[in-house]
Amino acid sequence: MGVVEKIKEIEEEMARTQKNKATEYHLGLLKAKLARYRQQLLEPTTKSGPAGTGAGDARVALIGFPSVGKSTLLSKLTHTQSEAAAYEFTTLTAIPGVIEYKGARIQLLDLPGIVEGASQGRGRGRQVVSTAKTADVILIMLDATKSDEQRRLLEHELDAVGIRLNKSKPDVVFKKRTTGGFNTTVKLTKTDEKTIRTILAGYKLHNCDVMIREDITTDEFIDVLIGNRKYVPCIYVYNKIDSISLEQSRVISCEMGLNLDYLVSRIWEELAMVKVYTKKRGAHPDLDDPVCLRKGSTIETVCNTIHRSLAPNFRYALVWGKSSKFSPHAQKVSLAHAVQDEDVVSSACFLQFSFFLV
């Protein structure tokens, strides 16, 4: 029996099993087995290097069923022409485009339309859906003329490959030990210690330290145990709104160009990026070419973004802006200093690479 058949058999058994206090341990074991088989299904058959970050400061992946308007949206928001037609599966490969917004270059990736069962390899869907793991934000495009079942199916396919939409990583610390124990700082209402110990035994983990700091579910604990889950913010967009009589704030029409500016602004908000301006000594800050970083980045990240040789020769930097303790005056900081949006950074090492800052 293959992995796909085993997954289907477990899913059918879970559907037949009633959910109550007496069966929750059995369901916990089934969920652990299902997660393990799905992980085997996603493991590549050949070794490959790590996925690249692609062009731009951030990446947004377009996910949706065939013929919902992904290629048209890519052409509208970027300067890339993606073939669009009235029939399904017009796009057969991932097509990238770049959105230039507030000084940042955001890569928009138009992925081929997926079908039900994509996470199990149907229609090369496993490769398509797994590509979304490299994205900073996922944009799910839905057809406003169809039912909400399309949204549930897409969420199921992404969930099956380990992508958790609009969720944060559970506050659970797990370490393998020769001896260990189980500790929790909150009352568990969605699972219990016996279920967690049963799941650990299913993975042959009999000695480990487990610290739970929030009320988690059985599925969330399995995610922590496996450790390869990706937590990605998601925006749901309803296209073809011009075909029906409906008024909502988050719907778009690629044909009429409706709400496209609002969509780009929402993408920017979900990316939560930080813009930092560089300044050479004795000169004004370069406000036309900011360094775009992830939220929580440090001065070391700024140096590595400009050139990887800057950090080893770094002595100190001067920072103006929100992160400066003496704002509006400058603060002398180290590599570990966390920058905030629209900070101005100046360092003597920038002079060695002034051609990057012009």
Check: Does K332 make a cation-pi contact with Y316, if we ask for NZ or CZ under 6.0 Å from the ring centre and within 45° of the axis?
Finding: yes

One should read off an interatomic distance between I99 CD1 and D57 CG, to the nearest 0.5 angstrom, of 12.5 Å

* Asked: Under a 4.5 Å cut-off applied to non-hydrogen side-chain atoms, are L158 and V232 in contact?
  -> no

Would you say that D148 contacts Y238 through its side chain, given a criterion of any heavy-atom pair below 4.5 Å between the two side chains? yes

message: Using a 3.5 Å distance criterion without hydrogens, assess whether the side chain of S297 forms a donor-acceptor pair with backbone atoms of V339.
response: no

When every non-hydrogen atom of K190 is compared with those of T218, the smallest separation belongs to O-OG1, 4.4 Å

Determine, step by step, whether N304 and T301 satisfy the side chain to side chain donor-acceptor pair (under 3.5 Å) criterion, reporting the C-alpha distance in whole Å, the side-chain angles of both residues, the deciding distance to 0.1 Å, and the verdict.
CA-CA 5 Å; N304 291 333; T301 312; 6.0 Å; no

| task | Just do the side chain to side chain contact (heavy atoms under 4.5 Å, CB included) check on V345 and V291 with the steps written out, would you? | result | CA-CA 10 Å; V345 180; V291 179; over 6 Å; no

ask   = Do we see a donor-acceptor contact under 3.5 Å between the side chains of D143 and T145?
value = yes

Check the pair I7, L34 against side chain to side chain contact (heavy atoms under 4.5 Å, CB included), reporting the backbone distance first and the verdict last. CA-CA 6 Å; I7 290 175; L34 182 62; 3.6 Å; yes

Apply the test side chain to side chain contact (heavy atoms under 4.5 Å, CB included) to residues D159 and R164: give CA-CA distance (whole Å), side-chain angles for both, the deciding distance (0.1 Å), then the verdict. CA-CA 6 Å; D159 187 82; R164 303 295 180 257; 2.9 Å; yes

| query | Does a sphere of radius 6.0 Å around CD in E12 hold more than 12 heavy atoms from other residues, nucleotides or ligands, not counting ones at 6.0 Å or beyond? | reply | yes

Salt bridge (Lys or Arg N to Asp or Glu O under 4.0 Å) between R152 and E149, worked out: CA-CA 5 Å; R152 188 195 66 79; E149 180 68 9; 2.5 Å; yes

Rounded to the nearest 0.5 Å, the CD1 atom of I222 sits from the OG1 atom of T195 at a distance of 10.0 Å

Any side-chain donor-acceptor pair under 3.5 Å between D286 and T278?
no

Here the pair of heavy atoms bringing I138 nearest to A132 is CD1-CB, 3.9 Å

Non-hydrogen side-chain atoms of Y231 and D223 separated by less than 4.5 Å: yes

Exercise. Side-chain contact test, heavy atoms from C-beta onward, threshold under 4.5 Å: evaluate it for L62 versus L108 and give yes or no.
Key: yes

dist T72:OG1 -> L77:CG (nearest 0.5 Å) comes out at 10.5 Å

Closest non-hydrogen contact found for K322 with D343 is N-OD1, 3.0 Å

Discussion item. Less than 4.5 Å apart, side chain to side chain, heavy atoms only: is that true for L200 and F174?
Written reply: yes

Self-check item: Side chain to side chain, L225 and L205, heavy atoms closer than 4.5 Å
Solution: yes

- Evaluate the side chain to side chain contact (heavy atoms under 4.5 Å, CB included) criterion for residues F221 and K31: first the C-alpha distance (whole Å), next the side-chain angles of each, then the deciding distance (0.1 Å), finally the verdict. CA-CA 11 Å; F221 180 74; K31 289 178 179 179; over 6 Å; no

In T78, L260, V237, the residue satisfying side chain to side chain contact (heavy atoms under 4.5 Å, CB included) with L73 is L260

So for atom CG, which belongs to D261, do other residues, nucleotides or ligands contribute more than 12 heavy atoms lying within a distance under 6.0 Å? no

Nearest heavy-atom approach of R294 to D136 is NH2-OD2, 3.0 Å

Would a distance-only check, ignoring hydrogens and angles, find a side-chain to backbone donor-acceptor pair under 3.5 Å from D209 to K175? no

